[in-house]
Amino acid sequence: MAAARGGPRESTTHCPYCALQCSTVLSGERTEVAVRPSADFAVNRGGLCQKGWTAPAVLAAPDRLLTPLVRGAGGELEPAGWDEALDLVAGRLTRIRAEYGADAVAVFGGGGLTNEKAYTLGKFARVALGTSQIDYNGRFCMSSAAAAATAAFGLDRGLPFPVTDLDGADVILLAGANPAETMPPLMRHLAGAELVVVDPRRTRTARQAALHLQPVPGTDLALALGLLHLAVTEGLVDKEYVAERTGGFDTAWERCVAWWPERVEEVTGVPAADLRTAVRMLGDARRAYVLTGRGAEQHSKGSDTVAAFINLALALGLPGREGSGFGTLTGQGNGQGGREMGQKADQLPGYRSLTDPAARAHVASVWGVDADALPGPGRSAYELLDALGRDGGPRALLVFGSNPVVSAPRAAHVTERLGALDLLVVADFVPSETAALADVVLPVAQWAEEEGTLTSLEGRVLRRRAHLTPPPGVRTDLEVLHGLATRLGQPAGRFSTRPREVFDELRRASAGGPADYSGISYARLDAGEALHWPCPTENGVENGAGRSDTGGARTDAAESHQGHPGTPRPFLDRFAHPDGRARFAAVEHRAAAREPDRAFPLYGTTGRVLAQYQSGAQTRRVPELVAAAPEAVVEVHPDTARRLGLADGGFADVGSVYGAVRARVRLTRTVRTDTVFVPFHFPGAARANLFTGDALDPRSRMPEFKVTAVRVTPAGEGP
Ligand SMILES: Nc1nc2c(c(=O)[nH]1)N[C@H]1C(S)=C(S)[C@@H](COP(=O)(O)OP(=O)(O)OC[C@H]3O[C@@H](n4cnc5c(=O)[nH]c(N)nc54)[C@H](O)[C@@H]3O)O[C@H]1N2
Ligand SMILES: Nc1nc2c(c(=O)[nH]1)N[C@H]1C(S)=C(S)[C@@H](COP(=O)(O)OP(=O)(O)OC[C@H]3O[C@@H](n4cnc5c(=O)[nH]c(N)nc54)[C@H](O)[C@@H]3O)O[C@H]1N2
Ligand code: SF4
Ligand SMILES: [Mo]
């Protein structure tokens, strides 16, 4: 969107980082792109966090990748031409497939990719490569919440209401979320409510809370069962709602009968009186929300933990009522859209199941291929990484939008598996730690250099706009996939390089699915419409296949000429199960995979700090952010430090049965005495994931990032 003729050229777009997708206005040319928050987007209301303000720095990063790199005979990455690099990749993929079969080639995607890229990546894997082996980093992020929400509500829309609905809340329970650091502008929407924060650390968010519950890591499931127990015994259950809108209450109640407050206190360390206060605050509020973050979800029981919090919300009658609800705070920029477009091991576009024959037939017809030719579900993210280079496992991996050397659990092992591949190809715009191991590195365009859409944490589809052209030598992800697909024998027209064309195709592919985008168009978005999926019709004409199971969505297009208005609140009338009811889940508490013992006596947990993003590949290249958070620190309580002989500012090794990270000690009373915390944004020997392990949630396959038994020992020198 150019400004008025003669004025400075400006582009209205969205931040490249988290799922809040704050709206920004860009001006200026490459080395001096300036960013400011746009004033008229209600989610950030003129606010940005430090990462958003400094995002343009990555566009001009001094070590930005500007030419393909190919590992030469001497073992070094050397500049190469595009044809040379793509020919080489396609040739080697073809040989590997011929020798070992289609599943010997794997793809790893990311929740930061636009909808257009995520869609094309999934299609590329299933059609051009014919492999079942594709998964993405959202497995490490949203999978537990997604599994629980799908089971409970029949649909996984992270927040099934606009963020601005939170403004009117009286009470909000945040389980394992620290938005004051992970989504600062969201705090404005929480300011009017009394917060109940569940976090083993007294975070910036917890400090703003009316009540802070500080449980032992990995005990949220017991805590949530205890809160449901109290909701019942305190007479706070909304019986009419439970009878009319839900099913399964009785079996859920059976599981928490025995979780009386004193027992919960024993397991979680949270005083029974505080549990009572929490449940009364929620139960007495006129408008209340229960929201989960990764602290409750990234466990080997993450999906059951979310289910237990949903049980609580259902018992209180919150979901599907205007002004109240349950939601999960989705993480990455396109964390919501990225999980609907078919880059997940078991999914097709439109949040369809890869094992549903009707879904396969529909998507195959849009792709112009035979449904029988589509592979079935493949391995989940960690299982995929673990299988690399093994007998029967993938021999080649293509990575688009993730840096697993830093961000995957059991990082030393994953790094070793990457090293066992015959071919590692990484598309990125900076030399990430994973790109540094690659055989071929493909330099791609960044957020401000290309068009596309992302779907924010509230399920709203947003336009990302190009402000710059990509630097010479750089291609877009869509161009890279097109170049590879044609070299693998695909017809030139099958993989478009134009985002708008891809979006129009994905609308058709999603039509009739749970995440139906068919009524959303670039034209409607550019006209300023706020469209949340499902949105099944444009201009009153249904797009693509007839829609069927959009779940509980209200699909009554307001006026046929205006098109479907989108669905900001999908559960107001009914939930998305065929009977319209939400389901309670019968879940039981269980221990973490690695509980503390004599050798590893502490809980090690991990997470985020304000100034760094994810694996840090982008934010460690921004001087202001490096100044604010230069290195990994291990947060240790002073009493614990005294026992262990740790000095503030000295180094320590935080080790588990899997391995050890070296980080600088930061003494703080904000963390429990039995727990240490390490942010996961840093590389090399400072990778928090050196101590995390391979335990997975049986349902979501989410790794246990948030609790590992560790020991902390003084270390002489830095990493
Ligand atoms: N600054 C910044 N912001 C980000 C990101 C980033 O990397 N940096 N990433 C984005 C993404 S992808 C995501 S997923 C979101 C994540 O956003 P959050 O979920 O808010 O982030 P985390 O720091 O991973 O975890 C939240 C809290 O969980 C707590 N926790 C640890 N163990 C437990 C436990 O057993 N139970 C409970 N209840 N809490 C526990 C931690 O102390 C931490 O404060 O942030 C997004 N925003
Ligand atoms: N210990 C621990 N580990 C964790 C977590 C935790 O809480 N604790 N959280 C987990 C969570 S929630 C997440 S989401 C993951 C995230 O971890 P990662 O998947 O590693 O995410 P990023 O660091 O964002 O990596 C994205 C990479 O892709 C590049 N990139 C960005 N956009 C694009 C694009 O459009 N195209 C291409 N080709 N490349 C792009 C970036 O430069 C970067 O190198 O980490 C997980 N790991
Ligand atoms: S809160 Fe998220 S979207 Fe907003 S500026 Fe910060 S990183 Fe960007
Ligand atoms: Mo995430």
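Every value quoted in this text rests on a predicted model; they were computed, and no experiment measured them. Numbers here are sequence positions counted from 1. Atoms within each ligand, like the ligands themselves, are counted from 1 in listed order. FYI, side chains are in, hydrogens and waters are out, and symmetry mates aren't considered; it's all heavy atoms of this structure.
- For ligand 2, the atoms sitting less than 4.0 Å from at least one non-hydrogen atom of F429 are 30 (N), 31 (C), 32 (N), 33 (C), 40 (C), 42 (O), numbered in the order shown with element in parentheses.
- In this structure, the side chain of T205 engages the main chain of A180 through a donor-acceptor pair within 3.5 Å.
- In the vicinity of D428, heavy-atom distances shorter than 4.0 Å reach the ligand 2 atoms 27 (C), 28 (O), 29 (C), 41 (C), 42 (O), 43 (C), 44 (O).
- Here the CD atom belonging to Q21 is positioned 13.0 Å from the CZ atom belonging to R463, to the nearest 0.5 angstrom.
- For ligand 2 and V444, the ligand atoms under 4.0 Å from any heavy atom of the residue are 37 (C), 38 (N).
- Between E297 and T305, the side chains place no donor N or O within less than 3.5 Å of an acceptor N or O (distance only, hydrogens not considered).
- Rounding to the nearest 0.5 Å gives a distance of 4.5 Å between CD1 of I172 and CG of L190.
- Shown in contact with A427 at under 4.0 Å from a heavy atom are these atoms of ligand 2, numbered in order with element: 37 (C), 38 (N), 39 (N).
- Ligand-side atoms of ligand 2 in range of S432: 44 (O), range being under 4.0 angstrom from any heavy atom.
- Checked against the 6.0 Å centroid threshold, F326 and F309 do not count as a close aromatic pair.
- Residue contacts with ligand 2 include N689, since one of its heavy atoms falls under 4.0 Å from the ligand.
- When heavy-atom distances to ligand 2 are checked against a 4.0 Å cut-off, W447 has no atom that comes that close, whether in backbone or side chain.
- Within ligand 2, counting atoms from 1 as listed, the ones closer than 4.0 Å to a heavy atom of D477 are 34 (C), 35 (O), 36 (N), 37 (C), 38 (N).
- When heavy-atom distances to ligand 2 are checked against a 4.0 Å cut-off, Q446 has no atom that comes that close, whether in backbone or side chain.
- Atoms of ligand 2 found under 4.0 Å from any heavy atom of V430, numbered from 1 in the order shown, are 42 (O).
- Close contacts of ligand 2 with A617, meaning ligand atoms under 4.0 Å from a residue heavy atom, involve 43 (C), 44 (O).
- For T330, the side-chain hydrogen bond (donor to acceptor under 3.5 Å, both in side chains) partners two or more places apart in sequence, or in a different chain, are R339.
- Atom OH in Y613 sits 5.0 Å away from atom CD in Q332 (nearest 0.5 Å).
- Judged by distance alone, the side chain of E450 and the main-chain N or O of T476 form no donor-acceptor pair under 3.5 Å.
- Listed for the W53 side chain is no donor-acceptor partner under 3.5 Å among the backbone atoms of V35.
- Contact residues for ligand 1 (protein heavy atom closer than 4.0 angstrom to any ligand atom): C18, K51, C141, G176, A177, N178, E181, T182, V198, D199, P200, R201, T203, P217, G218, D220, G293, R294, G295, H299, G331, Q332, T605, G607, R608, V609, L610, Q612, Y613, Q614, H681, K706.
- Side-chain contact, T328 with R294: a donor N or O sits under 3.5 Å from an acceptor N or O.
- Side-chain atoms of Q336 never come within 3.5 Å of backbone atoms of R157 as a donor-acceptor pair (strictly under, hydrogens ignored).
- Counting heavy atoms under 4.0 Å from ligand 2, residue N403 touches it through both backbone and side chain.
- The environment of CZ in R498 is sparse: at most 12 heavy-atom neighbours from other residues, nucleotides or ligands sit within 6.0 Å.
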